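Keep in mind that what you see is a predicted model, and the values were worked out from it rather than measured. Chain identifiers are assigned alphabetically (A, B, ...) following the order of the sequence lines, protein sequences preceding nucleic acid strands; residue numbering begins at 1 within each chain.
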2 protein chains.
Amino acid sequence: MAMKKERKGDAYSARCPARLVLDQIGDKWTVLLLGVLVKQPTRFNELKRRLQGVSQKMLGQTLKKLERNGLVTRQVFATVPVSVEYAITPLGRTLAGTVDALRQWAEQHIDEVARAQERFDARP
Amino acid sequence: MAMKKERKGDAYSARCPARLVLDQIGDKWTVLLLGVLVKQPTRFNELKRRLQGVSQKMLGQTLKKLERNGLVTRQVFATVPVSVEYAITPLGRTLAGTVDALRQWAEQHIDEVARAQERFDARP
DNA sequence: CAGAATCCCAGCCGATACTG
DNA sequence: CAGTATCGGCTGGGATTCTG
C-alpha cells in the first residue's frame, strides 16, 4: 500500500501566501464585492441588489470570508429593523488595487487571448 | 470610459475580461505552472516532477487551457520516445509578471491577514 | 514519454425555506 | 432587514487504467 507521508502540500501548501490570496479572490463574487465596497460602505441587501444574481447564501459566505481575512468590516446599527453596513478596510483597499492590475491586464490583452482561442479552436 | 448598461449577463458575464483571467489563474495549478515555465521551456514529465502532487489529468488539462489562451506553446520533437516541450509566450510572460504583483501583495500582507483570522476565530 | 479515458468524491454554488 | 439551514446539481480535481 502506498502511504504518503506528510504530503500536506509541498510548494503548494496552505502556507503559500499566493495560494491564500487566490483562494480569496478566485471565487465567484469576491472581486465584484470589492469593486462595490471600494466606492462606499454598503448594507447587505444593497449589496445583494448591486451584485445581480448572487444568492444570500453566497453573499453572506463571501462577506464572512472577507471579514475573517481582515478585508472588510461589519458594523451593526440598532435601527428599527436592524441594519448592517459592510466597509472595506485599508488592507482590503490595497488588495483591491492589486486586483485592479489584474483587471487592467485583462482589458489590455483580451483581444489577443480571444484570437489565440479562435486559432486553437479552429484547427484539425 | 463607457457606461455599461447591459443587464442581461450582469456585470459578471463571460464577457468580463477580469473574469476570464481569474478563471485561468484561479485554478489550482496555473500559477505554479507559469512559475516554472517562466524560467525555461519544460517537458511534460519534467513539469509533473516539478509540480509535486499534480495529476497527469490536471497537468494536461491546465496546459491545454494555457495553450488555448495563448499563454504557452506546445512543441513536439520527433525523438525516439516522442518528447513535448512547453514554453511560455510573450503574452504569458506579461501575465506571469502581473501574477507576481499578487504574490508580492500576499507576502507583504500575510501576517496582517493571519492576525485578522486569529482575531476573528477567537471571538464569541 | 506524453497523453486520453474513466471513476469518484469534495466542495462550490444556487434555490428554497426558516429565524431574530 | 439581515441573515442561517438544508437540499441538490455541477464541476474541479485526484487515482487509476489504457494507448501511441
Let me know the distance between [atom1] of [X] and [atom2] of [N], rounded to the nearest Å.
X     : N      : atom1 : atom2 : result
A/Q61 : C/dG11 : CD    : P     : 12 Å
B/E85 : C/dG3  : CD    : P     : 12 Å
A/I25 : C/dC12 : CD1   : P     : 16 Å
A/Q75 : D/dG3  : CD    : P     : 13 Å
B/D23 : C/dC12 : CG    : P     : 16 Å
A/K48 : C/dG14 : NZ    : P     : 10 Å
B/E46 : C/dA2  : CD    : P     : 9 Å

Is the distance from OP1 or OP2 of [N] to the nearest side-chain N or O of [X] less than 4.0 Å?
X     : N      : answer
A/Y86 : D/dG3  : yes
A/K64 : D/dT4  : yes
A/R74 : D/dA2  : no
B/R43 : C/dC1  : no
B/K28 : D/dG14 : yes

Side chain of [X] - closest among [options]:
X     : options               : result
A/S83 : C/dG14, D/dC1, C/dA2  : D/dC1
A/V82 : C/dG20, C/dG3, C/dC13 : C/dG20
A/K57 : D/dG14, C/dA2, D/dC7  : D/dC7
A/Q56 : D/dC1, C/dA4, D/dT4   : D/dT4

Completion exercise
Between B/L63 and A/K65, the residue closer to the 5' end of DNA chain C by nearest nucleotide is B/L63
Problem - 5′-ward residue of the pair B/R49/B/G60 relative to DNA chain C - result: B/R49
Practice task
Could you please spell out the steps behind the salt bridge (charged side-chain N to carboxylate O under 4.0 Å, His left out) verdict for A/R50 and A/E46?
Solution key: CA-CA 6 Å; A/R50 304 258 211 187; A/E46 176 64 18; 3.2 Å; yes
Handout entry: Charged N-O contact under 4.0 Å between B/D111 and B/R115
Key = no
Exercise for the section: Considering only NZ, NE, NH1 and NH2 on the basic side and carboxylate oxygens on the acidic side, decide whether B/K65 and B/D23 come within less than 4.0 Å. Expected result: no
Handout entry: Approximate separation, where rounding is to 0.5 Å, of A/L51 CG and A/M58 CE
Key = 11.5 Å
Practice task
Kindly determine whether B/E67 and B/K64 satisfy salt bridge (charged side-chain N to carboxylate O under 4.0 Å, His left out), including the steps that lead there.
Solution key: CA-CA 5 Å; B/E67 191 195 356; B/K64 190 172 291 186; over 6 Å; no
